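Structure, as structure tokens:
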Amino acid sequence: MDYNLTPWEAKGNFDYERIIKDFGISRIDAKLLNRIEVAAKKKGLPLHHMLRRGIFFAHRDIGWFLDEFGKGNDVFLYTGRGPSGKVHLGHLVPLLFTKYLQDLFGAELYLQFTDDEKFLFKKELSLEDVRKYTEDNILDTMAIGFDLKKTKIIIDTKHAGLLYPEAIRVAKKITFSTVKASFGFDNETNIGSIFFTAMQAVPAFLPSVLKKRNIPCLIPHAVDQDPHFRVTRDILPKLGYYKPASIQCMFLPSLLGVESESKMSSSIDNGIYLSDDEKAVRKKINKYAFSGGQATVDEHRKKGGNPEVDIPYIWLTFFEEDDNKLKKIHDDYKSGKLLSGEIKKIIADKLVFILNEIKERKEKLRHKLKEIMGSLDKSF
Ligand code: TRP
């Protein structure tokens, strides 16, 4: 089964082993996990469950980044969000993990909101639409619990004066044939889109520019963004900066199932949004979640369910931190003790809990929006 994976299109059955090969990224091995665990322990943190379960599965140069951090050198994190709509659960996965990394490294985080990108790549979106989503997405993102003092928000069109001089330094070293090959562009692609990867490269070295010294960067992101950073890593040494390290996660599969050929996406309306209320979350899960259970209760009790394809179970591997709890759910589901409706309730309860926490924090942050959006302006 084939796949098509660029930052703007994700289709097919994702064979992550093949993606590792095709992209030239490295699998996170036991030795690396151990190094991360040792660093986490010093902060009283466990090894994150998304690392324990291989959801964050690949990287570039994490070893180097950990070396630099271990020497006591200043480091920073960079991730981002394309504000093309409301934030959904799929977006939450790398963001939750980034919050963990911020706690682990005690580092500054640069969060890029690529309003330019979404305007350029989405025919149906006006710049006004994108700006509206940007503000809402910033609140949702910060409500995950990032350290307000250590997090800088970059909004591409707002901070253009800061980003553009750096972006053109990058752009001058990238040819059309490189972006064609990396992103699948053709002669019909608008010229803003062709330029865009230069904008996404900038935060990977912006702190080094602002602070006038080279600072190692780690970029946590969903694997579809890797082509940007492959290009970025080629260029930055030519400009005198470090190559950024990166760490990649898998996609949260759509409610419709792993075989439905999709990740959770805003373009289909069964996605679960951070803004959904409890009723909506429960309804979507009950109505759409692909089940690995049997057709009748009797049959399920006899034969048991299949957690491997069951979306409520797979989603629990993303969102339930407790390994023991997860194992019991797995075993009980497989033996037929736990029914489909029951496992749906378990994931719904968990999601409602997570979303409620985010919603509460979001309301508290609302009056600080201006200050948050100006966080970068104070740093130079
Ligand atoms: N292009 C990303 C998106 O569409 C947003 C983004 C910008 C990003 N910079 C990033 C994502 C760095 C991960 C890491 O969502």
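Read the numbers this way: they start at 1 and go in the same order the structure lists the ligands and their atoms. The shown structure was predicted, so the numbers you read here are calculated from the model rather than taken from an experiment. The analysis underlying the following values was restricted to heavy atoms, covering all of them including side chains, and did not include hydrogens, waters or symmetry mates.
In terms of modelled atom types and a separation under 3.5 Å, the side chain of Gln248 and the main chain of His59 share a donor-acceptor contact. In this structure a side-chain-to-backbone donor-acceptor pair under 3.5 Å is present from Trp315 to Pro253.
Counting only residues at least two apart or in different chains, side chain to side chain donor-acceptor pair (under 3.5 Å) contacts with residues 294-303 comprise Glu299-Lys303.
Scored by the salt bridge (charged side-chain N to carboxylate O under 4.0 Å, His left out) test, Glu135 finds no partners at all (sequence neighbours excluded). The side-chain contact (heavy atoms from CB on, under 4.5 Å) test applied to Leu120 returns Asn190, Ser193, not counting sequence neighbours.
Asp115 and Thr157 form a side-chain donor-acceptor contact under 3.5 Å, judged by distance and modelled atom types alone.
Each of Tyr78, Thr79, Gly80, Arg81, Gly82, Gln112, Thr114, Glu117, Lys118, Gln200, Ile219, His221, Gln225, Phe229 has a non-hydrogen atom positioned under 4.0 Å from some atom of ligand 1.
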